[in-house]
Amino acid sequence: MEISHLIAFNVTLLAAMASPGPAMLYALRSGLSGGRGRAVATAAGLGVMAAAWTALALLGLGTVFALFPVVYGALKLLGGAYLVWLAWMMWRDARLPVAQADATPLGRAFWGGVLVNAANPKSVLFAASVLIVIFPEDLTLGQKAAIVANHFVVELAAYSAFAAALASPAGRAAYLRCKPVADRVAAGLLVALSQRLILARE
């Protein structure tokens, strides 16, 4: 493995992260509603689970999903159901003041990030396909560990930056002015994304 392989992996990863999805939506809302501390905690949770999917891809879970599509389908259903539940919580609390609706402890913000990325088993298939295309087949255990650690660092840095940019006083003030509408729009997007996850063939 060469440094060029990691660079190519990171470019592909950042491009995928920039597209709208549950993780991006959750990270941005966390920064808007909870400030920089919760944004970083959420990003850490998202990064841990994303790196875990990559580790599982390196261990061959993508092959298991291909051989046992029922397992993959069940995980997609569970993930979609979690995203719908999360959307319902956003919708329900949309009119609550931030102090009541979003006073989330850092630990809970972290585990929320973990669960959001855990709700998308498609991540392991994405990771598996990217790994096959970019990296050589004869990776050592140390190189695989480096890929997983690199993935975590990229996710943590990117989602923290995205969320912290909107956690500024101006961004937070704008969010508070339109919180009921913004939270319900976010809830609707999460439901749509959950349906796309459940109905996707791959």
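FYI, the numbering just counts along the sequence from 1.
To the nearest 0.5 Å, the span separating CH2 on W111 from CE on M49 amounts to 10.0 Å. If you take CG on L6 and CG on L13, they are separated by 11.0 Å, rounding to the nearest 0.5 Å. Here the CZ-OG1 distance, from R38 to T42, works out to 9.0 Å after rounding to the nearest 0.5 Å.
Within the 4.5 Å cutoff, no side-chain heavy atoms of V114 are placed close to those of L46. By the 4.5 Å heavy-atom criterion applied to side chains, V48 and N117 are not counted as neighbours. The closest side-chain heavy-atom distance from P136 to Q143 is not below 4.5 Å. Taking the side chain as every heavy atom from C-beta outward, T12 and F9 never approach each other to under 4.5 Å.
V84 and L115 are not part of a single hydrophobic cluster, where members link through side-chain heavy atoms under 4.5 Å apart. Note on I134 and I7: same hydrophobic cluster, where clusters join Ile, Leu, Val, Met, Phe, Trp and Tyr whose side-chain heavy atoms are under 4.5 Å apart, directly or indirectly.
Sorted by first then second residue, the side chain to side chain donor-acceptor pair (under 3.5 Å) pairs that include residues 148-162, not counting sequence neighbours, are N10-N150, T54-H151, H151-E155.
L77 pairs by the side-chain contact (heavy atoms from CB on, under 4.5 Å) definition with I198, not counting sequence neighbours. Under the rule for a side-chain contact (heavy atoms from CB on, under 4.5 Å), the partners of A44 that lie at least two apart in sequence or sit in another chain are F110, L156. Residues satisfying the side-chain contact (heavy atoms from CB on, under 4.5 Å) criterion with A158, sequence neighbours excluded, are L14, M17, F162. L141 is linked by a side-chain contact (heavy atoms from CB on, under 4.5 Å) to nothing, counting only residues two or more places apart in sequence or in another chain.
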